[in-house]
Amino acid sequence: MRFTKTFIPTVKEVPADAEIPSHQLMIRAGLMRKIASGTYAYLPAGWRCLRKIMQIVREEMDRAGALEITVPFVQPLELWQRTGRDVDYGETLGRFVDRHGRGNVLTPTAEEVMTHLAAGEINSYKQLPVNFYQINLKYRDEFRPRFGVLRSREFIMKDAYSFDADEAMLERSYRAMYNAYCRIFRRCGLAYVIVEAESGEMGGSGSHQFTVPCESGEDTIVYTEDNAHAWNIEKGPVDPLQKQDAARPVALVQEVHTPKVGTIDEVCGFLKVQARELVKTLVHSMGDKVVLALVRGDHELNPEKLTQAVGGAHIEMADEATIVKLTNAAVGFAGPVGMAEKVAMILIDPAVAAMAEAVTGANKTDYHLKHVVPGRDFPTEADNVRVVDIRNAVEGDTFDGKRLLFRRGIEVGQVFKLGTKYSGKLGAKFSDAEGVEKACLMGCYGIGVNRILASAIENGHDENGMILPISIAPWEVIIVPAGATDDVRLAAERLHAELLSRGIDVLLDDRDVRGGVKFKDADLLGIPVRITVGQKSLAEGQVELRPRTASESRRVGLEEAVDETIAMIKALKDMLHVDAQ
RNA sequence: CGGGGUGUAGCUCAGUUUGGCAGAGCGCCUGGUUUGGGACCAGGAGGCCGUAGGUUCGAAUCCUAUCACCCCGACCA
């Protein structure tokens, strides 16, 4: 490929609306341009990167026995209503009504359609297992797209759905995907971490996330100090805190006047106490039922753990009217005392149960209670009261006695066991060997194609530009003729032609610009190998070879240049090699 | 959706406080000199100052509304 025949509009200035390195560099290197918030046009170089990633994904999915198909981007709303996910997804689900008045959704994921498809086609255990996948566009109406393609409204996702007859078969399908993902991310050159994840409302029984550690990531990974275990913060367990012994007998509950003091910070300031001495009473709605969640003032509720604690039901923060009706007080003054009879359920975090005494809301506007003792002043155990881990791990927590550490990461893939959540609702059933009809056991497996590129750049760049793994770089080699003589031009042309004929993905920078411009763009584009054809070295029958990661180039004879280049490419590829297994 | 910010040339931004000819750098076009790390000289093109309304002799600048984009927060296969 010739630079003058393709289209790579690089820019010197850092775009004003790009904050993180991958976003800035993808614009600067001419990989893509923004069209609207969270939507991007990919230009030739960027699209080449994505195509290479998709090809790796495709090869490994095929190798694992999954079958590539494609299902509609526009899907009937009715299917989503049947699983209830039109409600669960809420505003994030893009929808439109067509001219016939039919409801449609822009697919953010395809469990419904894939399961619906399987329901019509799969009848017998003899057809199982089967795993369908597709690589195509997804849409989510994100409340806040950001970080370039890390959180965009449109993105390319590989999504796969397995259908199995029993647990053992599902486990095999799951393992096959898990292994395929390891191979895919390794081949893409990503330093990934596998974390145990929460499957939340997906209704699963097992899930792993493939995460690339990096500062710009939106997910938090928790891991033990010995690196033996890692979790998404949504799932990260914590050891229960030790029950605090009261220094002296705790006084009886005392009501204190706290005018207009509704938030944790305000209460701390007003009563001169630490946040850790407070209990937050978070009122939730689960359908038409009210559920209280109690966490310590300095802790954060973990919505995923809460969902698990209520058996996977849809649960959300209650609106103001519900809170006022329940507590007879303004928002900010809810407390657990006397609530057990008034709500469907109270879930108490172990850290709260361990408190010797606490400050809580008084269920009375402008009043709080001091000296509230869990177990004495409100029950910690009853038919509808339970102590259960519902908070995020924080600095200082341990698991299994080991200190927990935290880092941020980008989720590039996730594998779920779904069980029968969708197959049950959408009728994906089969007859087993005994003629008994059963719902298929399902798994689903996603990979964010754009995120692979972005996370590779986040962890692969320097002050000059991107440093891409050779498997996903737009080209493997760039030839830079430095010098305006015919000799230089002809030597570069010859190298270009020879490398092409040897099947190498090569870009010849044939632009009529100064050498400096070409060097800058070659670095910016992150092409792994650069051949410089210069006047002086050429006069000595040599060209220069330099990997993007090296600061110095190496001279090689013109005649050996092609073989040396191919050897360098092979060495770079070998670093990403996975065994044939 | 709440809080904050920004909309002026293709890009990055001055100019807005205190109303008075539309600006700079980069990029682009032409010619020349250059040619190994984003060259130089000369000339040139390019803007309904986000949009709509208002105030005023006069509005990029003041007022009102509206839209877009960015950041922080609440959310998320």
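It should be emphasised that the depicted structure is a prediction, and the values quoted were computed from it without experimental measurement. First the proteins, then the strands, lettered A, B, ... as listed; each starts at 1.
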Peer 1: Quick one: label A/Glu91 by what it contacts on the DNA or RNA (base, sugar-phosphate, nothing), any heavy atom closer than 4.0 Å.
Peer 2: nothing
Peer 1: B/C69 and B/G50: how far apart are their C1' atoms, nearest whole angstrom?
Peer 2: 10 Å
Peer 1: Output the single nucleotide from B/U34, B/G36, B/U12 whose closest atom is nearest the side chain of A/Thr532.
Peer 2: B/G36
Peer 1: For residues A/Tyr161 and A/Phe132, establish whether the separation of their ring centroids is below 6.0 Å.
Peer 2: no
Peer 1: Rounding to the closest angstrom, what is the interatomic distance between B/G38 and B/G25 at atom C1'?
Peer 2: 14 Å
Peer 1: Name the residue from A/Glu19, A/Glu411, A/Glu142 that meets the salt bridge (Lys or Arg N to Asp or Glu O under 4.0 Å) definition with A/Arg151.
Peer 2: A/Glu142
Peer 1: Using the P atom in both, what is the distance from B/C41 to B/G27, to the nearest Å?
Peer 2: 12 Å
Peer 1: For A/Phe519 and for A/Ile447, find the nucleotide of RNA chain B with the closest heavy atom, then tell me which residue's nucleotide is more 5'.
Peer 2: A/Phe519
Peer 1: Taking only side-chain nitrogens and oxygens of A/Ser37, does any of them come within less than 4.0 Å of OP1 or OP2 of B/A68?
Peer 2: no
Peer 1: Could you please name the option among B/C70, B/U35, B/A74 that lies closest to any side-chain atom of A/Asp17?
Peer 2: B/C70
Peer 1: For A/Arg489 and B/U35, give me the distance from atom CZ to atom C1', rounded to whole Å.
Peer 2: 15 Å
Peer 1: On a whole-Å scale, what distance lies between the P atoms belonging to B/A52 and B/A59?
Peer 2: 14 Å
Peer 1: Do the charged groups of A/Arg391 and A/Asp349 touch, with an N to O distance under 4.0 Å?
Peer 2: yes
Peer 1: Return no unless some side-chain N or O of A/Lys12 is found under 4.0 Å from OP1 or OP2 of B/G27.
Peer 2: yes
Peer 1: Select base, sugar-phosphate, or nothing to describe what A/Met317 touches, counting heavy atoms under 4.0 Å on all strands.
Peer 2: nothing
Peer 1: With rounding to the closest Å, how many angstrom separate the P atoms on B/U33 and B/A60?
Peer 2: 45 Å
Peer 1: Could you give the CD-to-C1' distance, from A/Glu13 to B/C26, as a whole number of Å?
Peer 2: 5 Å
Peer 1: Once you round it to whole Å, what is the distance between C1' of B/C76 and NZ of A/Lys138?
Peer 2: 16 Å
Peer 1: Does B/G38 have a Watson-Crick or wobble mate here (both distances under 3.5 Å), and if so which one?
Peer 2: none
Peer 1: Considering only side-chain heavy atoms of A/Arg530, which listed nucleotide, B/G37, B/C72, B/A74, is closest?
Peer 2: B/G37
Peer 1: In the structure shown, which nucleotide is the Watson-Crick or G-U wobble counterpart of B/A65, with both distances under 3.5 Å?
Peer 2: B/U51
Peer 1: Partner of B/C21 by Watson-Crick or G-U wobble geometry, both contacts under 3.5 Å, or none?
Peer 2: none
Peer 1: Would you indicate which nucleotide in B/U35, B/C72, B/C69 comes nearest to any side-chain atom of A/Arg514?
Peer 2: B/U35
Peer 1: Less than 6.0 angstrom separating the ring centers of A/Phe210 and A/Tyr178, yes or no?
Peer 2: yes
Peer 1: If you only use heavy atoms from C-beta on, which nucleotide in B/G37, B/C71, B/C76 is closest to the side chain of A/Asp523?
Peer 2: B/G37
Peer 1: With nearest nucleotides of RNA chain B determined for A/Glu411 and A/Thr10 from heavy-atom distances, which residue corresponds to the more 5′ nucleotide?
Peer 2: A/Thr10
Peer 1: What is the nucleic acid contact for A/Ser537, judged by heavy atoms within less than 4.0 Å: base, sugar-phosphate only, or nothing?
Peer 2: base
Peer 1: Watson-Crick or G-U wobble partner for B/A9, using a 3.5 Å limit on both distances?
Peer 2: none
Peer 1: Atom CZ of A/Arg153 to atom C1' of B/C76: distance rounded to whole Å?
Peer 2: 15 Å
Peer 1: Quote, to the nearest angstrom, the P distance that separates B/C63 from B/A68.
Peer 2: 22 Å
Peer 1: Let me know the distance between CG of A/Asp487 and C1' of B/U35, rounded to the nearest Å.
Peer 2: 16 Å
Peer 1: Report the nucleotide, chosen from B/G38, B/C13, B/G73, that has the shortest atom-to-atom distance to any side-chain atom of A/Leu524.
Peer 2: B/G38
Peer 1: Does the distance from a Lys or Arg side-chain N to an Asp or Glu carboxylate O, for A/Arg546 and A/Glu552, drop under 4.0 Å?
Peer 2: no
Peer 1: Looking only at heavy atoms, what is the nearest atom pair of A/Asn302 and A/Lys235, with distance?
Peer 2: ND2-N, 4.4 Å
Peer 1: So, is A/Arg146 near the phosphate of B/G73, with a side-chain N or O under 4.0 Å from OP1 or OP2?
Peer 2: yes
Peer 1: So A/Asp521, base contact, sugar-phosphate only, or nothing? Heavy-atom distance under 4.0 Å.
Peer 2: base
Peer 1: What's the gap between B/U30 and B/G20 when it is taken at their C1' atoms, as a whole Å value?
Peer 2: 36 Å
Peer 1: What does A/Phe155 touch in the nucleic acid at a heavy-atom separation under 4.0 angstrom: a base, only the sugar-phosphate, or nothing?
Peer 2: base
Peer 1: Using whole Å, report how far CD of A/Gln24 lies from P of B/U12.
Peer 2: 12 Å
Peer 1: Taking the six-membered ring for Trp, are A/Tyr445 and A/His208 ring centroids under 6.0 Å apart?
Peer 2: no
Peer 1: Looking at the side chain of A/Val517, which of B/G38, B/C26, B/C13 is the nearest nucleotide?
Peer 2: B/G38
Peer 1: Would you say B/C70 has OP1 or OP2 under 4.0 Å from some side-chain N or O of A/Lys34?
Peer 2: yes
Peer 1: Rounded to the Å, how far apart are A/Leu25 CG and B/G38 P?
Peer 2: 19 Å
Peer 1: Under 4.0 Å between any heavy atoms, over every strand shown, what does A/Val14 touch: base, sugar-phosphate, or nothing? Just pick one.
Peer 2: sugar-phosphate
Peer 1: B/C28 pairs with which nucleotide, Watson-Crick or G-U wobble, both distances below 3.5 Å?
Peer 2: B/G44
Peer 1: Determine the contact category for A/Arg546: base if any of its heavy atoms lies under 4.0 Å from a base atom, sugar-phosphate if only primed atoms, P, OP1 or OP2 are that close, otherwise nothing.
Peer 2: base
Peer 1: In whole angstrom, give me the gap between the P atoms of B/G3 and B/G23.
Peer 2: 39 Å
Peer 1: For B/G73, give its Watson-Crick or G-U wobble partner with both distances under 3.5 Å, or none.
Peer 2: B/C1
Peer 1: Counting only side-chain heavy atoms from C-beta out, which of B/G36, B/U12, B/U35 sits nearest to A/Ala482?
Peer 2: B/G36
Peer 1: As a test of understanding, state which of A/Leu137, A/Asn450, A/Leu106 forms a side-chain contact (heavy atoms from CB on, under 4.5 Å) with A/Glu154.
Peer 2: A/Leu137
Peer 1: Count the heavy atoms belonging to other residues, nucleotides or ligands that lie under 6.0 Å from CD of A/Glu215, then report whether that count exceeds 12.
Peer 2: no
Peer 1: Just to be sure I understand the rule, does A/Glu544 reach a base, reach only the sugar-phosphate, or reach nothing, if contact means heavy atoms closer than 4.0 Å?
Peer 2: base
Peer 1: Mind calculating the distance between CG (A/Asp512) and P (B/C29) to the nearest angstrom?
Peer 2: 12 Å
Peer 1: Closest approach to the side chain of A/Arg144, judged atom by atom: which nucleotide of B/G38, B/C75, B/C71 is it?
Peer 2: B/C71
